[in-house]
Amino acid sequence: MGKNLVIVESPAKAKTIEKFLGKDFQVTSSFGHIRDLKKNGISIDFKNNYTPIYEVPTDKKKLVAELKKKVADSEIIWLASDEDREGEAIAWHLCEELKLSTENTKRIVFHEITKEAILHAIECPRTIDLALVDAQQARRVLDRIVGFELSPVLWKKIKPSLSAGRVQSVAVRLIVEREREINSFVPIESYRVTGIFEIKDDKGVLSELNAELQNRFKTKKEAEQFLEKCKDATFTIADISKKPTKRSPSAPFTTSTLQQEAARKLGYSVSQTMMIAQKLYESGNITYMRTDSVNLSSLAVNTAKEEILSFAGEKYSKSRHFTTTSKGAQEAHEAIRPTYLNKHTIEGTKQEKNLYELIWKRTIASQMADAEMEKTTVSINISNSNEKFVAVGEVLVFDGFLKVYMESKDDDDDENEQKMLPPLKVNTVLPYKKIICTERFTQRPARYTEASLVRKLEELGIGRPSTYAPTISTIQNRGYVEKADKEGETRKYKSLSLIKGEIKELDNTEVVGTEKSKLFPTDTGAVVNDFLNEYFDAIINYNFTANVEKEFDLVAAGKLEWRKAIDKFYKGFHPLVEDSLQNTEKKVGERVLGTDPKTGKPVSVKIGRFGAVAQIGLATDEEKPQFASIKKGQSIETISLEEALELFKLPRQVGKYEDEEMIAAVGRFGPYIRHNGTFYSLPKDLDPLKVTEDEAISIIDAKRLADKNKIIKTFTEDTDLRVLNGRFGPYISKEKTNYKIPKTQKPEELSYEDCLAIIDKEGTTKPVKKGKYAAKAKKK
DNA sequence: CAGTGAGCGAGCTTCCGCTTGACTT
C-alpha cells in the first residue's frame with residue numbers, strides 16, 4: 001500500500017520515526033541483524049579465500065518473510081540502520097536477503113531521532129558503503145575464528161564446554177591478574193599525624209582546627225620522637241592562602257557510564273540497569289540506551305537551557321558540547337538522555353523512576369555552570385621543628401551544577417574530607433588539644449565490580465555497548481568468575497596520642513578487605529587464563545583488539561582487502577592452535593603443597609571433574625588416593641598445606657544421639673549434620689570441625705520442632721496428602737506437588753474432601769508441573 | 001539434594017554484535 005518503506009533496527013525507533021514522516025512512508029524494523037554466520041561449525045570457507053557462509057537464523061525467518069512481503073508492496077526502500085560498521089552490514093544483509101536492487105534502494109543515516117534530522121536524511125540518500133561492510137565481515141570472521149578454534153583446544157586440554165574469545169578472555173584475564181596483584185600485595189605502614197588545635201575568636205568562643213602533618217613517619221620510633229618534641233613546642237599560624245577552584249560537570253551518560261553510576265548510586269547490576277533502561281526507551285522516555293556517544297542534539301541542548309533557566313536562572317546555565325575520549329567509539333547515536341527534558345520525573349516502577357531521575361539529573365547538570373569553590377590552606381609552624389601542619393578547608397561559593405547532580409566515586413575516601421575552617425589570623429599561637437600519630441597502611445588494589453570491569457574494558461576499547469552486560473554474564477556462566485562477598489580480616493594498628501603533655505600508646509584493631517558483590521576468579525578461570533597466556537598471548541593481550549581495529553579501519557577506508565587482513569591474521573594464529581594441541585599435556589593447575597605427616601604421601605591440589613579438589617597420594621600408588629573438595633572461598637593458588645589437610649578431617653563423627661551416629665560434613669549446600677539418614681543444615685556460626693555433640697543434638701531437635709509446626713493437618717485417608725505451613729503461608733501438598741488454598745477457606749478447618757476439591761480445581765488451572773531446570777533447558 | 005575424583009569413549013560444547021520477545025514462578 002505504501003509508496004515508501006523505511007527499515008530501521010529497532011521497533012521503538014520505527015514507531016517514533018513514522019510519526020515524523022508523512023502518510024507515504026511506512027516504517028518497520030529489522031530487529032538488528034537478520035543474517036549471520038551459520039550457527040553450527042566454523043562456517044568459513046577457508047579453501048575459498050575465507051568466504052563466510054551466512055544464514056538467516058531460525059528465529060528471524062518469519063521476520064524476513066514479512067519484510068519481503070512489505071518490500072514487494074513498496075516502490076522505494078530506505079535502509080536506515082545505524083551509521084556504524086554493524087549498521088552498514090545490517091543494511092547490506094537486508095539488500096542481499098531481500099534481493100533489493102540498487103536503483104530503488106536508498107541508504108540513509110541520522111544520529112538523532114528528531115524531525116529535522118530525519119527529513120534532512122531523506123533528502124540526501126547514498127548507496128551502501130561496501131568497504132565499511134567489509135570491515136564488519138572481517139570483524140565477524142575474525143571473532144568466529146578466534147572463538148571456534150580456541151574453545152576446542154580448551155575442551156581437549158582443560159575441560160569440556162569451556163570457551164574463549166577476543167573479548168571474554170581479556171575480561172577474565174583482568175580479573176585473574178587483579179586477584180594475583182592483591183595476593184602478592186604487601187602493605188607498607190607509616191604514621192599519619194593529625195593535630196587538633198584550639199582557637200578562640202574575638203568573643204572568646206572556642207572552636208577546633210584540624211590539621212595534618214605534611215609528611216608521615218616511617219616508624220613508631222620516629223613518630224614518638226616527634227611527639228616528644230611537640231610537648232614543649234609552640235604552634236603558630238604561619239600562612240593563610242585562599243585560592244578559587246572550580247569543578248565542571250561530567251558528560252551526559254553513555255552505556256558504560258550509566259552502568260557505573262547506576263551501580264554506585266542505585267546499586268543495580270549491569271544487566272539490571274540495561275533492562276530498566278530498555279523499558280524507559282520503549283516507553284519513549286529516554287533516547288537509545290546502547291551508545292558510546294556523549295553528544296547531545298542541538299534540540300536537547302536548547303531545551304535543557306530553557307529548563308535550567310526556568311528552575312534555576314540564567315546564572316546556572318552553560319551550554320556545553322562534549323566529545324568522546326573512549327577508544328573505538330563509533331557514535332551512531334546520541335548520549336543517553338531524557339526524550340523530553342521538561343519531564344523531571346515519569347510514571348513507572350520505582351526502579352524506572354530512579355534510573356530516569358539519574359539520567360535527567362546527569363543530562364541537565366551537563367548543561368549547567370561550573371561549581372565554584374574557595375580553597376583555604378593554612379600552614380602551622382612548629383617552633384622546634386621544620387615540620388609543618390597544614391589545614392585545608394573548602395567553601396562552596398557557587399553551587400552551579402552541584403545543585404542537581406554529584407558524581408560518585410568508586411573509592412569513597414572520607415579521610416580527606418574537606419570542611420569549613422573557623423576564622424583565622426596569621427601569627428596566632430595555637431595551643432594543641434591533641435596530637436595523634438596513627439599507623440596507616442598502603443592500600444591493595446581493588447577487586448573489580450561488574451561496573452568497574454565495564455569501565456576498564458571500554459578504556460581498552462574491548463567490547464561494545466551492546467555486549468558489556470552479556471560478556472559479564474558469559475564469564476560467570478562459564479565458571480571463570482564469581483560475583484561474591486568476602487568477609488574482611490581484622491588488622492592491628494598502633495596509635496600514639498599526645499594529650500596535656502602526656503604520650504599514650506594504644507593498640508587498636510580495624511576490619512579491612514571487606515568485599516561486597518565483587519568479581520573473583522575461580523580456579524578454572526585462572527587455569528584457562530594461564531593456558532591461554534602461555535600459548536596465545538598475542539590474542540588475550542590487552543592491545544590485540546586495538547591492533548585489529550587499526551586493520552579494520554584500513555579496510556573501511558578501502559585501503560586493505562578484508563580477506564587479506566584475515567589471511568595475515570590466520571597465518572600467524574592457526575599454527576599456534578596446532579602447536580598447543582600437539583605439544584601440551586592436560587592442564588589441571590596442579591600444585592604440590594607438601595607431604596601428609598600421617599602417611600608421608602604428597603598432598604596436592606588440582607581441578608578435578610567436579611571442581612577444585614585436594615588429594616593425598618598419587619593416582620599411580622597402589623592404594624587409591626584420598627580426595628576432598630576445596631571449600632568455597634579457597635583457591636588452588638593460595639591454599640596452604642594446613643588448610644588442605646583440614647579438608648580431610650571431614651566427614652567426622654560428632655557423637656551419638658538416640659543410639660545413632662551423628663556425622664558432620666560439608667556438602668553441596670554447605671555444612672550439615674547427618675543423623676539416621678536425615679540431613680540437618682548447620683547454621684553459619686557453627687564450624688563442622690568444631691561442632692559438639694550437644695550442639696548437634698539441639699540442632700536436630702530444633703529442626704524436628706520446626707517440621708512439626710510445619711504440619712497443620714494430616715489425614716488418615718491418605719498419608720501423602722498434607723496441609724502444610726510454608727514460606728508463603730499454608731498450602732496443600734500431595735505427591736510432591738503443591739496447591740494454593742483459596743483465601744475463603746481456613747486451612748485448619750479443611751476436610752479431606754475439601755482438599756481433594758481444591759486439588760482438582762487447581763490442577764486444571766495450572767499446567768503439568770515442570771521441573772526446576774525445564775526453563776533453563778528450553779532457553780537453549 | 002548433602003556423592004563423586006578410573007572407565008568404553010558417542011556426541012556435544014564454542015565466538016561477538018545488532019535487536020526484542022516468549023516462556024514460567
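Protein chains get the first letters and strands the later ones, always in sequence-line order, with residue 1 at the start of each.
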For A/E86 and A/Q136, does a side-chain donor sit closer than 3.5 Å to a side-chain acceptor? yes
Any luck finding a side-chain donor-acceptor pair between A/Y54 and A/Q137 under 3.5 Å? yes
Is the aromatic ring of A/W155 within stacking range of B/dT13, meaning centres under 5.5 angstrom and planes under 30 degrees? yes
Sugar-phosphate or base contact per nucleotide [nucleotides 15-21 of chain B; S, B, -; heavy atom under 4.0 Å]: BBBBBS-
Between [Y] and [X], is the closest basic N to carboxylate O distance under 4.0 Å?
X: A/R140; Y: A/D36; answer: yes
X: A/D523; Y: A/R591; answer: no
X: A/E97; Y: A/R35; answer: yes
X: A/D143; Y: A/R166; answer: yes

Before giving the answer on side-chain contact (heavy atoms from CB on, under 4.5 Å), spell out for A/S163 and A/S151 the whole-Å C-alpha distance, their side-chain angles and the decisive distance to 0.1 Å. CA-CA 5 Å; A/S163 67; A/S151 301; 4.0 Å; yes
Could you check how far [atom1] of [X] sits from [atom2] of [N], rounded to whole Å?
X: A/I42; N: B/dC12; atom1: CD1; atom2: P; value: 17 Å
X: A/F627; N: B/dG5; atom1: CZ; atom2: P; value: 8 Å
X: A/K703; N: B/dA2; atom1: NZ; atom2: P; value: 14 Å
X: A/N477; N: B/dT13; atom1: CG; atom2: P; value: 16 Å
X: A/E623; N: B/dA6; atom1: CD; atom2: C1'; value: 16 Å
X: A/I44; N: B/dT14; atom1: CD1; atom2: P; value: 17 Å

Where each pair must be Watson-Crick or G-U wobble with both distances under 3.5 Å, what dot-bracket representation of DNA chain B is obtained, with crossing pairs in [ ] and other-strand partners as |? .........................
Which part of the nucleic acid does A/G617 contact within heavy-atom distance under 4.0 Å: base, sugar-phosphate only, or nothing? nothing
With a 4.0 Å cut-off on heavy atoms, is A/L150 in touch with a base, just the backbone sugar-phosphate, or nothing at all? nothing
Test your reading of the model: is there a side-chain donor-acceptor pair from A/K60 to the backbone of A/F31, 3.5 Å cut-off? yes
For the side chain of A/H675 and the backbone of A/I700, is there at least one donor-acceptor N/O pair under 3.5 Å apart? no
